[in-house]
Amino acid sequence: MDDIILKTEDVGVIYDGSIVALENVSLNVPTGKLTAILGPSGCGKTTLLKVIAGLIEPSTGTVKIRDKEIIGPGPDRALVFQDFALLPWATVLQNVAFGLRAQGVSKREREKTSLNYIKEVGLSGFEDKYPHQLSGGMRQRTGLARALTVNSDILLMDEPFSAVDEQMRRKLQEDLLELLKIENKTVIFVTHSIEEAVYLADQVVILSGRPGSIAEIVYPEIDRLGEIDLIRRQPRYVELVDEIWSSLKSYVE
Amino acid sequence: MSDPNNNFQTPTNNSVKFGTKSNLLLWRLLSFLIVFLIWELAGRADISIAFPPFSKVAVAFVSMIFNGEFTAAYADSLPPLLIGLCITIIGGVIIGISIGLVRSTEWFIMPLLIIFQTAPVSALIPMLTYIYGISDTAKVVAIVILGMPLVALNSYKGIQATNPSLLEMAKSFRASWFDTILFVILPSAQKMIFAGLRLGVSGAFIGIVLAELLITPTGIGDLITYNRFVAHYDKMFATIISILAVAGLTLGGMRKLEDLLFPSEKNE
């Protein structure tokens with residue numbers, strides 16, 4: 001069994017005293033693996049991710065990182081946003097450096113680190129561009145670089161590729177896998193796409209409809225060591241997509 | 001990751017659609033010319049002696065510049081206007097930002113601001129005479145009453161309109177309260193704050209003219225009233241045009257200042 005870096009224990013979230021968004025979510029996230037949280041819209045996927053990020057306080061239960069309960073956001077987690085959450089008045093470089101600036105890192109230091117990650121996500125030459133001058137894919141690369149600069153062990157991604165077109169999504173997925181071969185990160189990834197979950201994740205957590213609770217956990221065990229282009233052709237991939245769809249179908253109205 | 005060069009979108013230049021910059025100036029001048037032409041024709045139609053043609057007003061305007069009438073009037077009006085503007089701008093922005101940031105202040109300041117914004121404030125101005133007498137203080141108060149609510153309300157709305165996703169982002173990266181205000185909230189509110197400042201400055205000009213018409217017969221307001229009494233309608237209109245010009249130039253200058261201070265301002 002792998003090392004467990006993050007654990008949720010009986011996490012529940014109740015909004016406005018009566019709306020139950022999440023119920024009894026107990027989940028183990030293994031170190032260095034990619035965990036996908038998959039479910040129909042409105043099932044509380046993003047809520048669960050925000051609880052893990054420390055942005056929403058759970059009504060019941062706890063989130064533990066290395067057996068220590070979390071209180072709010074921490075240096076061990078960095079978030080990538082669905083809508084990119086880039087400052088429109090700041091350049092790519094300034095946006096990427098935001099996390100380090102918030103930590104009080106000196107300008108020279110944070111620019112050096114940021115330039116490094118800008119290069120790593122493939123945005124060299126665009127350091128001085130503003131978000132409105134970038135395509136959707138490039139904006140999300142900026143968001144990803146910002147999350148990488150703070151060097152957290154856990155990367156939290158909230159439907160990061162849902163706002164870009166299909167071709168770009170595939171490219172970003174492939175690039176993410178390539179990047180994770182270099183960066184040793186634990187990734188928790190929210191998605192509504194079965195294909196994306198199976199393609200990327202080592203562990204797929206399927207949430208049932210409202211209130212969200214864990215319906216099933218699937219381990220794709222897909223060979224990602226070889227050519228990543230071939231992943232989608234593996235019989236195991238096709239089988240799993242079908243299997244998860246038949247399991248999810250009952251929760252979709 | 002691979003080279004994303006092929007996704008790069010060249011920013012489009014909006015002004016291209018409407019013509020070049022010098023063209024724009026030409027159109028603006030043309031709009032003035034048309035108004036002046038219609039005015040000239042209407043003035044010559046002899047509708048009323050209180051409505052002189054534009055050419056007469058223009059002559060009066062130039063003569064008033066050189067005979068010192070404008071200088072004397074503006075020397076009276078400008079000091080209270082400047083003091084009032086400073087209080088309006090600084091006070092308005094501070095009040096607006098504080099009620100935007102601190103919920104508890106919202107409860108007791110907002111109702112006052114909304115009353116001042118919606119009430120016919122000019123009706124209150126004669127009352128100022130009772131309180132402050134015929135003085136510059138009365139003028140300053142009139143300016144602040146008319147201008148400050150606009151500045152404060154816009155600053156407040158600008159702060160409130162900060163994208164919640166950006167606030168969440170700042171929180172997730174554990175930015176301090178101070179950093180969040182400085183790097184997220186204020187830049188995001190900047191456009192609204194400046195829009196409020198322009199509204200506030202217009203309000204301040206209305207305030208000074210109203211105060212000088214209704215309370216203290218001095219300065220530029222007096223120049224209007226006096227010329228009306230003695231039936232120098234060309235001079236009366238020339239004075240009104242001078243106020244429009246000063247107000248217009250001030251507002252234009254503020255736009256330039258905003259572009260100068262925030263050249264990188266780019267919104268999606």
Side-chain angles (χ1 to χ4, degrees), chain A residues 50 53-55 72-75 77-91 94-95 98-104 119-126 128-139 141 143-147 149-150 156 164 168 171-172 174-176 178-179, chain B residues 1-17 97 155 158-195 255 257-268:
Chain A
K50 285 185 178 169
L55 292 171
R77 286 150 291 152
L79 198 53
V80 176
F81 293 80
Q82 184 179 5
D83 63 356
F84 321 131
L86 300 176
L87 305 172
W89 51 85
T91 61
Q94 290 164 335
N95 267 297
F98 183 86
L100 294 175
R101 176 176 223 161
Q103 289 177 9
K119 192 174 163 209
E120 198 162 297
V121 299
L123 281 179
S124 290
F126 293 88
D128 297 325
K129 299 284 179 224
Y130 290 90
H132 76 116
Q133 297 173 304
L134 306 176
S135 67
M138 293 167 82
R139 289 183 203 179
R141 286 171 200 266
L144 181 61
R146 178 179 58 196
T149 53
V150 291
L156 307 173
V164 296
M168 187 40 65
K171 185 85 189 77
L172 288 169
E174 285 181 8
D175 288 350
L176 179 68
E178 290 287 357
L179 191 74
Chain B
M1 285 195 183
S2 70
D3 178 33
N5 272 306
N6 44 356
N7 305 311
F8 180 59
Q9 300 167 342
T10 350
T12 50
N13 188 353
N14 279 336
S15 63
V16 170
K17 291 177 202 155
I97 290 174
S155 307
I159 301 279
Q160 286 284 296
T162 308
N163 182 350
S165 173
L166 292 183
L167 292 176
E168 205 163 53
M169 186 276 293
K171 194 178 166 194
S172 82
F173 284 104
R174 294 173 305 130
S176 65
W177 195 65
F178 182 75
D179 277 357
T180 307
I181 293 174
L182 201 64
F183 300 126
V184 180
I185 297 177
L186 284 184
S188 130
Q190 172 238 322
K191 279 210 154 169
M192 283 284 275
I193 292 176
F194 267 86
R255 258 202 190 282
L257 185 73
E258 186 184 354
D259 290 344
L260 210 71
L261 286 176
F262 302 97
S264 63
E265 171 61 18
K266 300 265 165 37
N267 273 317
E268 279 172 72

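Chain A is the first sequence line, chain B the second, and so forth, proteins listed ahead of strands; every chain is numbered from 1.
The most heavy-atom pairs under 4.5 Å with chain B, out of A:A147, A:G143, A:G74, come from A:G74. When A:L100, A:T91, A:L156, A:L79 are compared by the number of non-hydrogen pairs under 4.5 Å with chain B, A:L79 comes out ahead. With chain A as partner, the option from B:S172, B:S176, B:A175, B:A170 having the largest number of non-hydrogen pairs under 4.5 angstrom is B:S172.
Side-chain contact between A:W89 and B:S188 is present, with at least one heavy-atom pair separated by less than 4.5 Å.
In this structure, the ring pair (Phe, Tyr, Trp, His ring centres under 6.0 Å) partners of B:F194, at least two apart in sequence or on a different chain, are B:F262. The salt bridge (Lys or Arg N to Asp or Glu O under 4.0 Å) test applied to B:K171 returns no partner, not counting sequence neighbours.
For a residue to count as touching a neighbouring chain, one of its non-hydrogen atoms must lie under 4.5 Å from one of that chain's; by this rule A:Q82 does not touch chain B.
Once rounded to the nearest 0.5 Å, the distance linking CZ of B:F173 with CZ of A:R101 reads 14.0 Å. Interatomic distance, CZ of A:F81 versus CG of B:L166, reported as 9.0 Å (0.5 Å rounding).
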